[in-house]
Chemist: 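Encoded as structure tokens, here's the structure I'll be asking about.
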There are 2 protein chains.
Amino acid sequence: MKIDPQFCRVDDGLDTILGKWKIPIILYLLKNQTMRFSDLQKVLPEISKKMLSKNLKELEEDDLITRTVYPTVPPKVEYSLTEHGKELEDIIDSLHKWGLRHQ
Amino acid sequence: MKIDPQFCRVDDGLDTILGKWKIPIILYLLKNQTMRFSDLQKVLPEISKKMLSKNLKELEEDDLITRTVYPTVPPKVEYSLTEHGKELEDIIDSLHKWGLRHQ
DNA sequence: CAGTATCCACCCTGATACTG
DNA sequence: CAGTATCAGGGTGGATACTG
């Protein structure tokens, strides 16, 4: 036994990637390096602005992504993964393979 | 890039371990092999019967755990992980280590 | 463009009581 | 012991309109 359930609660960091949209967002950022708000809306057409905004804010607070604002008109905002966020790639990949192994 | 976000949606199997209680339940079953309903209630004192029941049912439907009923009086029900469920150990471990690395 | 504000419906969850 | 039934509440998410 590697980890004691007493010391692995959901808030250990797992909830930072919980939810319907966070993993897809992370995957798109892994693929594209940098994306604007509207880019994410295009590839995730079913998410509402509200939810996208909320998820990006939470991911930023959890230091998984970086938000860069260019003070132009119209405004331009770019999102990209932090190193900590990029470290999730192998784990998400394992999770994905695990999911596929069982139908 | 290993996985295409187009092909890694949350319902790929990730939602089978989503939620507040499923990972802790899996971890306890990894540790103890077999547990009764009341055993799980003891180690997870904050979960209600209703939620525990619901989570166990979903985990069973997703083939992560097995439910064994002994037709005795009083009834005895045991839960244990399937092979598919046990395969999650390394992934949860990685996730946990990843979470700990960052504060 | 990149959000926020507002309103509203719904679902998830908790508490309690009940059952086989 | 191992649940289910019922009711109530609070938070979550969607739709739309608005803003800098």
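Every chain is numbered from 1 and lettered A, B, ... according to where its sequence line falls, protein lines coming before strand lines. Computed from heavy atoms alone, side chains included, the values below leave out hydrogens, waters and symmetry copies.
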Chemist: What's the shortest heavy-atom distance between B:His102 and A:Asp63, and which atoms?
Modeler: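 That closest heavy-atom pairing would be CE1-OD2, 2.8 Å.
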Chemist: Atom CD of B:Glu60 and atom C1' of D:dG3: how far apart are they, to the nearest Å?
Modeler: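 Distance, rounded to whole Å: 13 Å.
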Chemist: Taking all heavy atoms of A:Leu40 and all of A:Tyr79, pick out the closest pair and write down the distance.
Modeler: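 Heavy atoms only, the tightest pair is CD1-CD1, 4.4 Å.
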Chemist: Does any non-hydrogen side-chain atom of A:Ser80 lie less than 4.5 Å from one of A:Ile65?
Modeler: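 In short, these two side chains do not touch, never coming nearer than 4.5 Å.
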Chemist: Tell me which residues in residues 64-81 of chain A put a heavy atom below 4.0 Å from DNA chain C, sorted by number, or none.
Modeler: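 A:Arg67, A:Pro74, A:Pro75, A:Lys76, A:Val77, A:Tyr79, in order of number.
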Chemist: Does D:dT4 have OP1 or OP2 under 4.0 Å away from a side-chain N or O of B:Ser53?
Modeler: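 Yes, B:Ser53 has a side-chain N/O under 4.0 Å of OP1/OP2 on D:dT4.
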Chemist: For a quick test of reading the model, state the closest non-hydrogen atom pair linking B:Thr16 to B:Lys22 and the distance between them.
Modeler: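 For B:Thr16 versus B:Lys22, the nearest heavy atoms are O-CD, 3.3 Å.
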Chemist: Does B:Lys57 place a side-chain N or O at less than 4.0 Å from the phosphate oxygens OP1/OP2 of D:dT4?
Modeler: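 For B:Lys57, the contact criterion (side-chain N or O under 4.0 Å from OP1 or OP2 of D:dT4) is met.
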Chemist: Taking 4.0 Å as the cut-off, does a side-chain nitrogen or oxygen of A:Arg36 come that near to OP1 or OP2 on C:dC1?
Modeler: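 Checking C:dC1 against A:Arg36, no side-chain N or O comes under 4.0 Å of OP1 or OP2.
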Chemist: Are side-chain heavy atoms of A:Ile17 and A:Ile92 found at a separation under 4.5 Å?
Modeler: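 Not in contact.
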Chemist: How close or far is atom P of C:dG3 from atom CG of A:Leu44, stated in whole angstroms?
Modeler: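 The answer, rounded to whole Å, is 14 Å.
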Chemist: Of all the choices, C:dA2, D:dA2, D:dG14, which nucleotide is nearest to the side chain of A:Met51 once you look at every atom?
Modeler: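 Of the candidates, D:dG14 comes closest.
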Chemist: Whole angstroms only, please: what is the NZ-C1' distance between A:Lys20 and C:dC10?
Modeler: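 Those two atoms, NZ and C1', are 14 Å apart.
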Chemist: With respect to the phosphate group of C:dC12, does any side-chain polar atom (N or O) of B:Lys54 fall under 4.0 Å of OP1 or OP2?
Modeler: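 The answer is no; no side-chain N or O of B:Lys54 sits under 4.0 Å from OP1 or OP2.
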Chemist: Grab the CG-C1' distance between B:Leu52 and C:dC12 for me, whole Å please.
Modeler: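 Interatomic distance, CG of B:Leu52 to C1' of C:dC12: 16 Å.
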Chemist: Both distances below 3.5 Å, Watson-Crick or wobble geometry, any strand: find the nucleotide opposite D:dG20.
Modeler: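 The base-pairing partner of D:dG20, which may sit in any strand shown, is C:dC1.
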Chemist: Would you mind reading off the distance between A:Met35 atom CE and C:dC1 atom C1', rounded to a whole angstrom?
Modeler: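 Taking CE of A:Met35 and C1' of C:dC1, I get 15 Å after rounding.
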Chemist: Rounded to the nearest Å, what distance is computed from the NZ atom of residue A:Lys50 to the C1' atom of nucleotide D:dG13?
Modeler: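 For the pair A:Lys50 NZ and D:dG13 C1', the rounded distance is 6 Å.
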Chemist: Any ion pair linking A:Arg67 and A:Glu78 (charged N to carboxylate O, less than 4.0 Å)?
Modeler: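 No, no charged N to carboxylate O under 4.0 Å.
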Chemist: Once you round it to whole Å, what is the distance between C1' of C:dC12 and CD1 of B:Ile47?
Modeler: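 To the nearest whole Å, that distance equals 13 Å.
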Chemist: Closest-nucleotide mapping onto DNA chain C: is B:Lys49 or A:Asp39 further toward the 5' terminus? I mean the 5' end.
Modeler: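 Upstream on the strand: A:Asp39.
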Chemist: Measure from the side chain of A:Ser48, starting at C-beta and using heavy atoms only, and say which of C:dG3, D:dG3, D:dG14 lies closest.
Modeler: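 The nucleotide sitting nearest to the side chain is D:dG14.
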Chemist: Provide, to the nearest angstrom, the distance between the CG atom belonging to B:Leu56 and the P atom belonging to D:dC1.
Modeler: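 After rounding, the reported distance stands at 16 Å.
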Chemist: Would you say A:Val69 and A:Leu52 are hydrophobically clustered, going by side-chain heavy atoms of ILVMFWY under 4.5 Å?
Modeler: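 As far as the 4.5 Å side-chain criterion goes, A:Leu52 and A:Val69 are connected within one cluster.
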